[in-house]
Amino acid sequence: MNKGKFIVVEGIEGAGKSTICNVIVDILSEKKIKSIITREPGGTPLAEQLRKLIKQGVEGDKLIPKAELLMIYAARIQLLDTVIQPTLAKGIWVVGDRHNLSSYVYQGAGRQIELNLIKTLSHQIIGDFKPDLTIYLDVTPEIGITRVCKRGSLDLIEQESLCFFKRVRELYLHIVANDNSMRLIDATQPLQQVITLLRITLINWLSGQII
Ligand code: Z5A
């Protein structure tokens, strides 16, 4: 049996990641490919508890950037070892709502933790595991924040400044431009147009895969 493939959707808040993960599952299902969606941080009962702490914090005890980084990697390895790897081993595909790239851009560019520390931690914790395909949904922070504000109250990371999200987007753009396992989709367009572009991108990529 062939191993499943790991497709990850990345982008700043409000880019449309959760919406697009569901569309990917539908397109895969049309091709008779079984898949599940995971999200990071989270995706297992323990990792979901860490997600809550990362997003909401604990009153009177400000989460410092390096502690946040470690909690994100704790959640990631829990999800990778107990859900993602066993699922791929069964030949089922995994569609990830965020993965390792988020740590480089949020904790690296956003929180300004040295990228070498993140690289070392990443290597020690997840080794050379990486997605087969990453779809990066590109929106400006202004558009992304406007979309999430409509949803209601903002979590700790969403409350960061526009400069924070500009740094995050810049690093996303730099990394995506230099990695041929990643595809950029302009997600500032109306949702139907984004879905059409995604379909073309995914079907082109699938045609080059041995399934
Ligand atoms: N984080 C980190 O710091 N480091 C890491 O390593 C990892 C994560 C893995 C996860 O929070 C937080 O963790 C995240 C980064 C940090 N921080 N923040 N902030 P989350 O999962 O709650 O948030 P998110 O990942 O940023 O996702 P989101 O805010 O839910 O947005 P989204 O998934 O990209 O978008 P959506 O939910 O699909 O759509 C948002 C709204 O926009 C919704 O009403 C849609 O209908 C609408 N939408 C979507 N696309 C369009 C288009 N094209 N036009 C118009 N409207 C649209």
Side-chain angles (χ1 to χ4, degrees), residues 6 8-26 37-44 47-48 50-57 63-80 84 95-113 115 117-119 121-122 125-126 129-131 134-162 164-169 171-172 175 185-199:
F6 185 34
V8 170
V9 182
E10 289 276 358
I12 62 167
E13 16 293 300
K17 295 177 297 299
S18 309
T19 313
I20 289 302
C21 283
N22 286 300
V23 177
I24 293 177
V25 166
D26 290 345
I37 295 179
T38 56
R39 69 171 180 181
E40 292 194 34
T44 82
E48 285 293 321
L50 288 167
R51 176 187 174 90
K52 214 179 274 173
L53 285 172
I54 293 162
K55 282 173 72 85
Q56 294 165 10
L63 184 59
I64 63 163
K66 284 181 181 167
E68 181 184 71
L69 176 71
L70 291 172
M71 285 161 70
I72 285 169
Y73 273 94
R76 177 162 302 134
I77 192 61
Q78 187 71 21
L79 177 71
L80 189 58
I84 299 179
V95 180
D97 190 337
R98 294 192 182 280
H99 182 58
N100 209 28
L101 179 54
S102 284
S103 300
Y104 282 81
V105 297
Y106 279 84
Q107 279 61 52
R111 300 282 191 227
Q112 303 194 295
I113 296 176
L115 287 176
L117 169 62
I118 302 176
K119 211 185 254 177
L121 184 62
S122 170
I125 303 294
I126 66 167
F129 180 82
K130 89 186 268 266
T134 298
I135 303 282
Y136 166 61
L137 300 175
D138 185 50
V139 289
T140 61
E142 290 85 349
I143 292 181
I145 297 294
T146 307
R147 287 183 192 162
V148 294
C149 278
K150 285 187 193 147
R151 199 166 48 191
S153 65
L154 302 178
D155 67 36
L156 288 178
I157 300 176
E158 287 163 352
Q159 287 165 21
E160 282 295 337
S161 67
L162 210 52
F164 176 99
F165 292 108
K166 284 186 174 157
R167 291 197 300 273
V168 169
R169 178 177 182 230
L171 187 58
Y172 262 135
I175 294 176
I185 290 181
D186 176 1
T188 59
Q189 307 175 71
L191 187 55
Q192 271 322 308
Q193 266 166 260
V194 176
I195 292 175
T196 302
L197 279 176
L198 167 82
R199 183 173 277 278

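FYI, the numbering just counts along the sequence from 1. Both backbone and side-chain heavy atoms feed into the values below; hydrogens, waters and symmetry mates do not. As the structure lists them, so they are numbered: ligands from 1, and atoms in each ligand from 1.
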Novice: Can you list, by chain and residue number, every protein residue with a non-hydrogen atom closer than 4.0 Å to ligand 1?
Specialist: Ile12, Glu13, Gly14, Ala15, Gly16, Lys17, Ser18, Thr19, Glu40, Pro41, Arg51, Lys55, Ile72, Arg76, Arg98, Ser102, Ser103, Tyr106, Gln107, Arg147, Val148, Arg151, Asp155, Ile157, Glu158, Ala187, Gln189, Pro190, Leu191, Val194
Novice: With no hydrogens and no angle check, just 3.5 Å: does a side-chain donor-acceptor pair link Arg98 and Thr38?
Specialist: no
Novice: Is the closest side-chain donor-acceptor distance between Glu40 and Ser102 under 3.5 Å?
Specialist: no
Novice: Is the cationic atom of Arg169 (NZ for Lys, CZ for Arg) positioned less than 6.0 Å from the six-membered ring centroid of Tyr172 and within 45 degrees of its normal?
Specialist: no
Novice: Search all heavy atoms of Ile12 against all heavy atoms of Tyr106 and return the closest pair with its distance.
Specialist: CA-OH, 3.4 Å
Novice: Quick one: list whatever passes side-chain hydrogen bond (donor to acceptor under 3.5 Å, both in side chains) with Lys66, sequence neighbours left out.
Specialist: none
Novice: Please check: side-chain N/O of Arg51 versus main-chain N/O of Pro41, any donor-acceptor pairing under 3.5 Å?
Specialist: yes
